[in-house]
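Structure first, commentary second.
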Amino acid sequence: MTNIHALFSYGTLRFPAVQLATFGRELPTSDDSLPGYLVSSVTITDPHVLEVSGTAIHPALVWTGSPDDVVAGAVLQVTSDELAAADTYEVDDYVRVAVRLSSGQDGWAYVHRDGTPPA
């Protein structure tokens, strides 16, 4: 049995071209949001990510802890192998952290390395 993970995406992982290049398929998605974060941006220099996404400026989550700060996005249903592929796609500016979405679902999100929640 394959484990399915909820991966919250608020940026380029929602793009069909990025999903095809990263996972080999378009992923099942559903709208959701993530409280306690704001969106900043980061300039990407990785040639593969630039080619696949078509843009150098990528959004990056920054933790605020405030319930008034909410980021809209989508939940991608990914296998363990696809989650590992997403880890490879996301450059060193990001870290994957466990999150609780507005829907109450637990999942993962990529957060700017300097904007992670306190341990």
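Because only heavy atoms are used, hydrogens play no part in the values below, and waters and symmetry mates are left out as well, while side chains stay in.
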Item checked: Candidate pair V71 and L61, rule side-chain contact (heavy atoms from CB on, under 4.5 Å), full reasoning -> CA-CA 8 Å; V71 176; L61 290 176; 3.7 Å; yes
Next item on the list: Quick one: do I4 and T79 satisfy side-chain contact (heavy atoms from CB on, under 4.5 Å)? Show the steps, please.
Entry: CA-CA 5 Å; I4 299 297; T79 65; 4.0 Å; yes
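By the side-chain contact (heavy atoms from CB on, under 4.5 Å) test, E26 is found to be paired with P16, Q19, L20, residues two or more places apart in sequence or in another chain being considered. The side chain to side chain donor-acceptor pair (under 3.5 Å) test applied to H5 returns S80, not counting sequence neighbours. Partners of S33 under the side chain to side chain donor-acceptor pair (under 3.5 Å) rule, at least two apart in sequence or in another chain, are S102. In terms of the side-chain contact (heavy atoms from CB on, under 4.5 Å) criterion, residue partners of A85 (sequence neighbours excluded) are, by chain and number, T22, F23. With sequence neighbours excluded, the residues that form a salt bridge (charged side-chain N to carboxylate O under 4.0 Å, His left out) with D106 are R100. Every residue was checked against the side chain to side chain donor-acceptor pair (under 3.5 Å) condition with T29, not counting sequence neighbours, and none meets it.
For T88 (side chain) and A84 (main-chain N/O), a donor-acceptor pair under 3.5 Å exists by modelled atom type. Y10 places a side-chain N or O within donor-acceptor distance of the main-chain N or O of Y110, the cut-off being under 3.5 Å. Side-chain atoms of D32 come within 3.5 Å of backbone N or O of S103 as a donor-acceptor pair.
At a threshold of 4.5 Å between side-chain heavy atoms, the hydrophobic network of Ile, Leu, Val, Met, Phe, Trp and Tyr places V62 and F8 in two separate groups.
Among residue pairs with one or both ends in residues 57-84, those qualifying as salt bridge (Lys or Arg N to Asp or Glu O under 4.0 Å) are R25-E82; sequence neighbours excluded.
For the atom pair CH2 of W63 and OG1 of T116, the computed distance is 9.5 Å after rounding to the nearest 0.5 Å.
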Side-chain atoms of residues 89-99: list all donor-acceptor pairs with protein atoms under 3.5 Å, sequence neighbours left out, distances to 0.1 Å.
{"unit_1": "Y89", "atom_1": "OH", "unit_2": "T12", "atom_2": "OG1", "d": "2.8"}
{"unit_1": "D93", "atom_1": "OD1", "unit_2": "R113", "atom_2": "NH1", "d": "2.9"}
{"unit_1": "Y94", "atom_1": "OH", "unit_2": "P59", "atom_2": "O", "d": "2.6"}
{"unit_1": "R96", "atom_1": "NE", "unit_2": "D87", "atom_2": "OD1", "d": "2.8"}
{"unit_1": "R96", "atom_1": "NH2", "unit_2": "D87", "atom_2": "OD2", "d": "2.8"}

Show which side-chain atoms of residues 36-46 pair as donor or acceptor with protein atoms under 3.5 Å away, not counting sequence neighbours.
{"unit_1": "D46", "atom_1": "OD1", "unit_2": "H48", "atom_2": "N", "d": "3.0"}
{"unit_1": "D46", "atom_1": "OD1", "unit_2": "V49", "atom_2": "N", "d": "2.9"}

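Counting heavy atoms from C-beta on, the side chains of V70 and L34 never come closer than 4.5 Å. In this structure, L7 and L13 have side chains that are in contact, with non-hydrogen atoms separated by less than 4.5 Å.
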